[in-house]
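For reference, the structure discussed in these notes is given below.
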Amino acid sequence: MSVLQKIALVLVIIGAVNWGLVGFFQFDLVATIFGGQEEIASRIVYGLVGIAGLVSIGLLFKPVTVEETDRSYRTNH
């Protein structure tokens, strides 16, 4: 997994947590931190999360290589 994909994954997780908070508690953490949904900082975070989601689509179609499987096996056992 490349550095870009790891950054995208972190941003996607942030977005998922934020949407979970919105869905369960009607609380938008990003908007709260940055002063509202209309603030430029909030809009930048929302935009980055959206772009990260698009980047992460590629992970669905990326084949798992033998090296990644072997490395994962060695670190987990």
Side-chain angles (χ1 to χ4, degrees):
M1 186 180 293
S2 72
V3 173
L4 175 64
Q5 289 172 326
K6 287 181 182 180
I7 292 169
L9 185 57
V10 168
L11 288 169
V12 167
I13 291 168
I14 289 168
V17 169
N18 193 57
W19 274 112
L21 289 170
V22 169
F24 289 119
F25 306 111
Q26 296 180 346
F27 177 73
D28 188 340
L29 181 62
V30 172
T32 301
I33 290 172
F34 295 108
Q37 289 182 341
E38 301 301 320
E39 293 298 320
I40 189 70
S42 294
R43 294 177 60 205
I44 289 170
V45 171
Y46 296 140
L48 289 174
V49 168
I51 292 168
L54 294 174
V55 169
S56 296
I57 290 173
L59 294 175
L60 287 174
F61 304 105
K62 181 181 175 191
V64 177
T65 64
V66 174
E67 293 173 358
E68 289 174 346
T69 306
D70 187 44
R71 184 176 359 158
S72 174
Y73 179 79
R74 279 189 269 141
T75 58
N76 292 327
H77 289 86

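We use all heavy atoms of the structure for the numbers below, so side chains are in, but hydrogens, waters and symmetry mates are not.
The line from CG of Leu29 to CH2 of Trp19 is 13.0 Å long, rounded to the nearest 0.5 Å. Taking CG from Leu59 and NZ from Lys6, the interatomic distance works out to 11.5 Å, rounded to the nearest 0.5 Å. Interatomic distance, Ile7 CD1 to Ser2 OG, rounded to the nearest 0.5 Å: 8.5 Å.
Hydrophobic cluster membership is shared by Ile40 and Ile14, with clusters built from Ile, Leu, Val, Met, Phe, Trp and Tyr side chains linked at under 4.5 angstrom. In terms of hydrophobic clustering, with Ile, Leu, Val, Met, Phe, Trp and Tyr side chains grouped at heavy-atom distances under 4.5 Å, Leu11 and Leu4 are assigned to different clusters. By the criterion of side-chain heavy atoms lying less than 4.5 angstrom apart, applied directly or through intervening Ile, Leu, Val, Met, Phe, Trp or Tyr residues, Phe25 is grouped together with Ile13 in one hydrophobic cluster. Leu54 and Ile44 sit in two unconnected hydrophobic clusters of ILVMFWY residues. Membership requires side-chain heavy atoms under 4.5 Å apart, directly or through other members.
Side-chain atoms of Ser42 never come within 3.5 Å of backbone atoms of Glu38 as a donor-acceptor pair (strictly under, hydrogens ignored).
For Arg43 against Gln37, the heavy-atom pair with the smallest separation is CG-O, 3.5 Å. Taking both residues in full, the closest heavy atoms of Ser56 and Leu9 are given as OG-N, 4.2 Å, listed atom of the first, atom of the second, then distance.
Side-chain atoms of Val45 and Phe34, non-hydrogen and from C-beta on, do get closer than 4.5 Å to each other.
Here the options are Val22, Asn18, Thr32, the test is side chain to side chain contact (heavy atoms under 4.5 Å, CB included), and the partner is Phe27; only Thr32 passes.
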Worksheet item: Stepwise, does the side-chain contact (heavy atoms from CB on, under 4.5 Å) test hold for Tyr46 with Val30?
Response: CA-CA 8 Å; Tyr46 296 140; Val30 172; 3.7 Å; yes
